[in-house]
Engineer: 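Submitted below is the structure of interest, expressed as structure tokens.
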Amino acid sequence: MFDLADTTEREVDEGDAVLGLLGFYDELDNRAGQPNGSVRDAVRPVGEPDEAELVAYLDGGHVLLDVMESGHDVITGTSHRHSPGCSSLVTDGTWLWRRDFPHYVETHHVSLPDAFVEHVRGLRHRMPAVTVEELAPHLDETLPLVGWARP
């Protein structure tokens, strides 16, 4: 097990009980203490050289929990392509993120953990297949960290 504060900057191993967390910012949940802190602190002037491929990877994740709602960009106040279902949970089996996280990467170049970038590049930007059997052991530990209980 590891400290929650290390969730985004740690090495993520296949055997971890908790998925790495991306895009769970204070402003998106209207409460402080989210795993990834403030989105405003994560904004950068430019993104990774392969940012478009990283965004495509994030867009292609497996939907774990689909939430029917709408949201907006908490920095600009405008709607965006991920506004519908913005807090839906998406995964690649190793990392977990909100459906609207790719928007913040693409538009505001939010910082990405080195371990995540290395993981995606190691997969050559291709989303792996994920089975329920592979994912199930991670859910009980991970979902409470982002304010969800396993259905």
Side-chain angles (χ1 to χ4, degrees), residues 4 6-29 34-139 141-143 145-148 150-151:
L4 176 59
D6 296 332
T7 305
T8 59
E9 292 301 330
R10 67 187 177 84
E11 290 297 317
V12 179
D13 296 319
E14 296 294 321
D16 282 348
V18 178
L19 300 170
L21 302 175
L22 302 167
F24 295 96
Y25 298 115
D26 295 344
E27 297 88 349
L28 300 180
D29 198 3
Q34 290 301 297
N36 302 121
S38 172
V39 68
R40 286 171 175 72
D41 294 339
V43 172
R44 299 181 311 163
V46 296
E48 296 288 334
D50 56 345
E51 184 175 81
E53 291 88 354
L54 293 166
V55 168
Y57 181 89
L58 290 163
D59 278 337
H62 305 282
V63 177
L64 179 61
L65 283 170
D66 201 3
V67 179
M68 295 184 64
E69 67 175 350
S70 64
H72 63 281
D73 183 313
V74 297
I75 296 171
T76 65
T78 60
S79 62
H80 53 79
R81 67 186 172 97
H82 292 63
S83 291
C86 58
S87 67
S88 296
L89 300 181
V90 182
T91 188
D92 66 356
T94 303
W95 293 87
L96 181 74
W97 58 93
R98 292 171 46 109
R99 172 155 329 261
D100 57 358
F101 183 61
H103 163 76
Y104 292 95
V105 174
E106 180 177 55
T107 305
H108 303 293
H109 315 294
V110 297
S111 57
L112 295 166
D114 291 340
F116 172 75
V117 174
E118 290 171 20
H119 169 73
V120 175
R121 288 176 181 159
L123 293 169
R124 298 187 343 201
H125 301 94
R126 289 185 225 155
M127 182 60 58
V130 176
T131 66
V132 173
E133 292 80 21
E134 293 168 331
L135 194 56
H138 303 289
L139 298 180
E141 296 287 331
T142 304
L143 293 179
L145 299 176
V146 296
W148 289 88
R150 186 172 174 187

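All residue numbers in this chain count up from 1 along the given sequence. When reading the values below, keep in mind they use all heavy atoms of this one structure, side chains included, and skip hydrogens, waters and symmetry mates.
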Engineer: Side-chain contact test, heavy atoms from C-beta onward, threshold under 4.5 Å: evaluate it for Leu22 versus Val105 and give yes or no.
Structural biologist: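 When only atoms from C-beta onward are counted, Val105 and Leu22 do not touch, as no gap falls below 4.5 Å.
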Engineer: For residues 68-79, which residue pairs qualify under salt bridge (charged side-chain N to carboxylate O under 4.0 Å, His left out), counting only residues two or more places apart or in two chains?
Structural biologist: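 Qualifying pairs, neighbours excluded: none.
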Engineer: Between Leu21 and Phe24, what is the shortest heavy-atom contact and its length?
Structural biologist: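 For Leu21 and Phe24, the tightest heavy-atom pair comes out as CB-CD1, 3.9 Å.
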Engineer: Any side-chain heavy atom of Leu139 sitting closer than 4.5 Å to one from Leu135?
Structural biologist: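 A side-chain contact under 4.5 Å exists here.
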Engineer: With under 30° as parallel and over 60° as perpendicular, where do the rings of Tyr25 and Phe101 fit, or are they tilted in between?
Structural biologist: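 If you compare the ring of Tyr25 with that of Phe101, the planes turn out tilted.
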Engineer: Do the rings of Tyr57 and His119 sit parallel, tilted or perpendicular, given the 30° and 60° boundaries?
Structural biologist: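 Tyr57 and His119: perpendicular rings.
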Engineer: Could you tell me the separation between the CZ atom of Arg40 and the CG atom of Asp26, rounded to the nearest 0.5 Å?
Structural biologist: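 Interatomic distance, Arg40 CZ to Asp26 CG, rounded to 0.5 Å: 10.5 Å.
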Engineer: Using ring pair (Phe, Tyr, Trp, His ring centres under 6.0 Å) as the criterion, list what pairs up with Tyr104, not counting sequence neighbours.
Structural biologist: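 His108.
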Engineer: Just to verify, what does Asp59 make a salt bridge (charged side-chain N to carboxylate O under 4.0 Å, His left out) with, not counting sequence neighbours?
Structural biologist: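 With neighbours one apart ignored, the set is Arg81.
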Engineer: I'd like to check Val39 versus Leu28 (side-chain heavy atoms, cut-off strictly below 4.5 Å). Are they in contact?
Structural biologist: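 Counting from C-beta outward, Val39 and Leu28 never come under 4.5 Å.
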Engineer: Write down the atom of Ser87, the atom of Arg98, and the distance for their closest heavy-atom approach.
Structural biologist: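 Scanning both residues completely, I find the closest heavy atoms to be CB-NH1, 3.4 Å.
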Engineer: Between the side chain of Asp92 and the main-chain N/O of Pro128, is any donor-acceptor distance below 3.5 Å?
Structural biologist: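 No.
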Engineer: Applying salt bridge (charged side-chain N to carboxylate O under 4.0 Å, His left out), which residue pairs with at least one partner in residues 119-131 are found, sequence neighbours left out?
Structural biologist: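 As it turns out, the salt bridge (charged side-chain N to carboxylate O under 4.0 Å, His left out) pairs with a partner in residues 119-131, which skip direct neighbours, are Glu48-Arg121, Asp50-Arg121.
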Engineer: List the residues meeting side chain to side chain donor-acceptor pair (under 3.5 Å) with Ser88, not counting sequence neighbours, and say none if there are none.
Structural biologist: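 Per chain and number, Ser88 pairs via side chain to side chain donor-acceptor pair (under 3.5 Å) with Asp66.
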Engineer: Show the nearest heavy-atom pair for residues His109 and Arg44, with the distance to one decimal.
Structural biologist: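 Result for this residue pair: O-NE, 3.1 Å.
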Engineer: Side-chain contact test, heavy atoms from C-beta onward, threshold under 4.5 Å: evaluate it for Leu58 versus Val90 and give yes or no.
Structural biologist: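 No, too far: nothing below the 4.5 Å cut-off.
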Engineer: Please enumerate all residues that pass side chain to side chain donor-acceptor pair (under 3.5 Å) together with Arg99, with sequence neighbours excluded.
Structural biologist: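 Here no residue qualifies.
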Engineer: Mind checking the CG-CG spacing from Leu64 to Leu143? Nearest 0.5 Å is all I need.
Structural biologist: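 The CG atom of Leu143 is 6.0 Å from CG of Leu64, to the nearest 0.5 Å.
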Engineer: CH2/Trp97 to CG/Leu89 distance, rounded to the nearest 0.5 angstrom?
Structural biologist: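 Answer for the CH2-CG pair, Trp97 versus Leu89, is 11.0 Å.
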Engineer: Look up atom CG in Asn36 and atom CD in Glu27, then write down how far apart they are to the nearest 0.5 Å.
Structural biologist: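 Interatomic distance, Asn36 CG to Glu27 CD, rounded to 0.5 Å: 11.0 Å.
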